[in-house]
**Q** 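I'd like to ask some things about the structure below.
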Amino acid sequence: MSSSLSDLPRDFCAIDFGTSNSAVAVPDAARAGAMRLVTLEGDHPTMPTAVFYFAEGRHDADGPPRAFGRAALAAYVEGVDGRLMRSMKSILGSSLIDQVTDVGGGRGVKYADMLAGYLKRLRRQAASADGHEPRRVVLGRPVYFVDGEPERDAAAQASLTAAARSVGFEDVHFQFEPIAAAFDYEQQTEREQIVLVADIGGGTSDFSVVRVGPDRIKRLDRREDILASHGVHIAGTDFDRHIELTGILREFGYRAHGPSRPGQPPREVPSGIYFDLATWHLINTCYSPQRVMELRNMKSFYGDARHHSRLMTVLEERLGHELAHRAEDAKIAVAGGGGCSIDLGLIESGLNVDLSEDAAVGALSGDIERIAEAGRDTVARAGLKPSDVDALYFTGGSTGLRLLAERIASDYPEARQVRGDRFASVATGLGLHAARLFAA
């Protein structure tokens, strides 16, 4: 006989493992059948998906000494010797997952173990909050870990499954993140609706068209209500990269030209180093002695010696992650409209870059249009017209970017716009799904 939600077992949790932030939901002991979000750091129900490996300190049973979440970011900002890892989810489906990377202090860690260590931290916090060791889990996943490559996409889910099992989860289930967000939205509905969920986070932009309503909310099998799902591997970290390339790295030689030579037009400076500096998980590859030496010897390629000098300062002082952090801050500053000034005094005294809203629009317009196109394609795959969409539900950290939200909404002028909790809607919906799944 299946159990009811009122006598729900408590040996499970739901995890929203995000590119930028993560959250965990566990059964709520105070409310029969309900779920609640775990406070992961202080009063925060979310934790940055970040790990800082300290260069000094002894290994323990869990591996090298490290900090997680906001503590990891604080260690990095304070200049503690070590290495910060972010955007770990973007490694899934790539060849990096089985590779070893240097984390300082002569230590090497496999990316797969790094990811598992973060999940282990979340599992422990779920156990601490609930008083029960979770052995079953619902994990959120993007519609596509990897665009247009089903084999790599399947490999990404297999890697995440293996990581979850390695830290003690015996029963691992997945739910698409935008569908989980739809379940969260459904709690406030009073009639049946067609909702287009736009879940735009740090790594992916996912859309789902879902039929929701008060008469459907308790159903476990919702397959007939999921009308279409689609997504693209473009989101917040891509915005950061474009902001960094356009708003910061031009001061370091990106898209600059070398000196004029008799009978030849000036050549553009090789751009590979700039793309790697603007891609979080590739930044450390820029610091290899061979690559630094190669770039040091390229001084004659630069028409403006200041560009080369600034670039070498970044490489020799390992400031690439700091530039990426400032690009992210600049994106947030222009998110609601207007411009900002980016202080680069750590590279060169008095160096500042002004980023206007027009420049930000120019840098991001291509990605924003591709994301909006993915939304339109999702509705078309559901066999619907834009006018058939009753509600547009925004969730995910990147929906705070006004330019993006307004562009998506412009395709559905008749739809009601609803903003969920940008960082917790998916986790809440995953928890609802887990409660229904494990009550069966």
**Q** Do F169 and C13 have side-chain heavy atoms sitting under 4.5 Å apart?
**A**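 Yes, close enough: below the 4.5 Å cut-off.
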**Q** Quick check: closest heavy atoms across D238 and G203, and the distance to 0.1 Å?
**A** OD2-O, 4.4 Å
**Q** Among pairs that include at least one residue of residues 60-115, which meet ring pair (Phe, Tyr, Trp, His ring centres under 6.0 Å), considering only residues two or more places apart or in two chains?
**A** none
**Q** Evaluate the side-chain proximity of Y118 to M85: yes if any heavy-atom separation is below 4.5 Å, no if none is.
**A** no
**Q** For atom CZ of R381, is the number of surrounding heavy atoms from other residues, nucleotides or ligands below 6.0 Å larger than 12?
**A** yes
**Q** Has the side chain of T237 got a donor or acceptor atom that lies under 3.5 Å from a matching backbone atom of G202?
**A**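 Confirmed, T237 side chain pairs with G202 backbone.
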**Q** About how many Å separate CG of L160 and CD1 of I91, when rounded to the nearest 0.5 Å?
**A**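 Those atoms lie 12.0 Å apart.
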**Q** Under a 3.5 Å distance rule, please check whether E41 uses its side chain to pair with a backbone N or O of R70 as donor and acceptor.
**A**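 Yes; at least one donor-acceptor contact below 3.5 Å.
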**Q** Starting at CG of L392, measure out to CZ of R416 and round the result to the nearest 0.5 Å.
**A** 11.0 Å
**Q** Whether E244 and K331 form a salt bridge (side-chain N of Lys/Arg under 4.0 Å from carboxylate O of Asp/Glu) is what I want to check.
**A** no
**Q** Nearest 0.5 Å, please: how far is CG in L401 from CD1 in I371?
**A** 9.0 Å
**Q** Without swapping roles, check the side chain of R407 against the backbone of E369 for a donor-acceptor pair under 3.5 Å.
**A** no
**Q** Please verify the inter-ring angle class for Y254 with F275; under 30° counts as parallel, over 60° as perpendicular, anything in between as tilted.
**A**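 Because their plane-to-plane angle is over 60°, the rings of Y254 and F275 count as perpendicular.
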**Q** A side-chain contact here means heavy atoms from C-beta on lying under 4.5 Å apart; do F17 and L115 qualify?
**A** yes
**Q** Hey, does the side chain of R422 reach the backbone of T395 with a donor-acceptor pair shorter than 3.5 angstrom?
**A**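 Side chain of R422 to backbone of T395, a donor-acceptor pair under 3.5 Å: no, none is there.
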**Q** Do the side chains of H325 and D329 get nearer than 4.5 Å, heavy atoms only?
**A** yes
**Q** Ignoring hydrogens and geometry, is there a side-chain-to-backbone donor-acceptor pair from H233 to F145 under 3.5 Å?
**A** yes
**Q** Looking at W280 and R86, what are the two nearest heavy atoms and their distance?
**A**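 Distance-wise, the nearest heavy atoms are NE1-N, 3.3 Å.
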**Q** Does the S425 side chain pair with the main chain of A181, one donor and one acceptor, at a distance under 3.5 Å?
**A**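 Checking the backbone N and O of A181 against the side chain of S425, no donor-acceptor pair under 3.5 Å is found.
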**Q** Considering only heavy atoms from C-beta outward, does the side chain of Y53 approach that of M114 to under 4.5 Å?
**A** yes
**Q** Does CD in Q264 sit with more than 12 non-hydrogen atoms of other residues, nucleotides or ligands closer than 6.0 Å?
**A**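 Result for CD/Q264: enclosed.
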**Q** Going by salt bridge (charged side-chain N to carboxylate O under 4.0 Å, His left out), name the residues that satisfy it together with D184, two or more places apart in sequence or in a different chain.
**A** none
**Q** Between atom CZ of R107 and atom CD of E56, what is the distance when rounded to the nearest 0.5 Å?
**A**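 The CD atom of E56 is 8.5 Å from CZ of R107, to the nearest 0.5 Å.
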**Q** How far apart are the closest heavy atoms of G18 and S22, and which atoms are they?
**A** N-OG, 3.2 Å
**Q** Do R419 and F394 meet the cation-pi criteria used here (NZ or CZ under 6.0 Å from the six-membered ring centre, within 45° of the axis)?
**A** yes
**Q** Determine whether a donor-acceptor pair (N or O, by modelled atom type, separation under 3.5 Å) exists between the side chain of R141 and the backbone of V143.
**A** yes
**Q** So, T204 versus D206: side-chain donor-acceptor pair below 3.5 Å or not?
**A** yes
**Q** Might you point out which heavy atoms bring A50 and A72 nearest each other, and give the distance in Å?
**A**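 In terms of heavy atoms, the two residues are closest at O-CB, 3.9 Å.
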**Q** Are V51 and R121 side-chain neighbours, meaning at least one heavy-atom pair lies under 4.5 Å?
**A** no
**Q** Which class fits the ring pair Y393 and Y185: parallel under 30°, tilted 30 to 60°, perpendicular over 60°?
**A** tilted
**Q** Nearest heavy-atom pair of R58 and P65: which atoms, and what distance?
**A**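 Smallest heavy-atom distance, with atoms named: O-CD, 3.6 Å.
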**Q** Under a 4.0 Å threshold between the charged nitrogen and the carboxylate oxygen, would E177 count as salt-bridged to K89?
**A**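 A salt bridge links K89 with E177.
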**Q** Less than 3.5 Å apart, any donor N or O on the side chain of T313 or R310 sitting next to an acceptor on the other?
**A**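 No donor-acceptor contact under 3.5 Å links the two side chains.
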**Q** Mind checking the CZ-CG spacing from R241 to L364? Nearest 0.5 Å is all I need.
**A** 11.0 Å
**Q** How long is the span from the CG atom in L323 to the CD1 atom in I342, to the nearest 0.5 Å?
**A** 9.5 Å
**Q** If every non-hydrogen atom of T49 is compared with every non-hydrogen atom of N21, which pair is closest and at what distance?
**A** OG1-C, 3.3 Å
**Q** If we only count heavy atoms from C-beta on, is the Y412 to V379 side-chain gap below 4.5 Å?
**A**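 Y412 vs V379: side chains touch.
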**Q** Tell me whether H308 contacts the main-chain N or O of L295 through its side chain, where contact means a donor paired with an acceptor under 3.5 Å.
**A** yes
